[in-house]
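Computed from a predicted structure; not experimentally measured.
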Amino acid sequence: MLYIRGEEESMEFIRRIREDNGMTYRGMARRMDIKNVNNYIQFEKSKKALNAKKLIRLWRFSGLSAKAFMALIEEEVKSKEKLNRRAKK
């Protein structure tokens, strides 16, 4: 499972994919096969861990190449790590 924690808890890359595709929380919950829209919102806001199955569904939905999708995640991780380092100082 992937946990990304920082000052800003939300998973910006997930929100960006949803918004870029013009989807609502409810629509994304359906696409991701998440039964409850509140569970999807927690997923997007990183209050729930991202498991491989959900990441793969999100990647397929995004229409991005695997390389571009991983670059989004890498960008998010680096940003969160930077925030964490600043918070510790």
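Atoms CE and CZ, from Met32 and Arg60 in turn, are 11.5 Å apart once rounded to the nearest 0.5 Å. Atom-to-atom distance recorded for Phe13:CZ and Arg18:CZ is 13.0 Å, nearest 0.5 angstrom. The line from OH of Tyr25 to CD1 of Ile34 is 13.0 Å long, rounded to the nearest 0.5 Å. If you take CG on Asn21 and OG on Ser62, they are separated by 7.5 Å, rounding to the nearest 0.5 Å. For the atom pair Leu55 CG and Met70 CE, the distance stands at 8.0 Å (nearest 0.5 Å).
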- [ ] Give the intermediate values and the outcome of side chain to side chain contact (heavy atoms under 4.5 Å, CB included) for residues Leu58 and Met28.
- [x] CA-CA 9 Å; Leu58 183 63; Met28 280 300 287; 3.8 Å; yes

TODO: Verify side chain to side chain contact (heavy atoms under 4.5 Å, CB included) between Thr24 and Val37, making sure each step is shown before the conclusion.
DONE: CA-CA 10 Å; Thr24 63; Val37 70; over 6 Å; no

Open item on the list: Could you go through Arg16 and Glu75, starting from their C-alpha distance and side-chain angles, then the distance that decides it, and tell me whether this counts as salt bridge (Lys or Arg N to Asp or Glu O under 4.0 Å)?
Closed with: CA-CA 13 Å; Arg16 286 183 5 213; Glu75 178 184 317; 3.4 Å; yes

Open item on the list: Show, in sequence, the C-alpha distance, side-chain angles and deciding distance for Lys53 and Arg57, and conclude whether the side chain to side chain contact (heavy atoms under 4.5 Å, CB included) test is met.
Closed with: CA-CA 6 Å; Lys53 187 176 180 180; Arg57 279 191 183 137; 3.1 Å; yes

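Salt bridge Asp33/Arg31: absent, no basic N to carboxylate O contact under 4.0 Å.
A donor-acceptor contact shorter than 3.5 Å links the side chain of Asn36 to the backbone of Asn38. For Glu12 (side chain) and Glu76 (main-chain N/O), no donor-acceptor pair under 3.5 Å exists by modelled atom type. The main-chain N or O of Phe69 is never found under 3.5 Å from a side-chain atom of Trp59 such that the two would form a donor-acceptor pair.
With a 6.0 Å radius and a threshold of 12 heavy atoms from other residues, nucleotides or ligands, Arg15 has its CZ atom above the threshold.
Relative to the ring axis of Tyr40, Arg26 does not place its NZ or CZ within 45° and under 6.0 Å from the centre.
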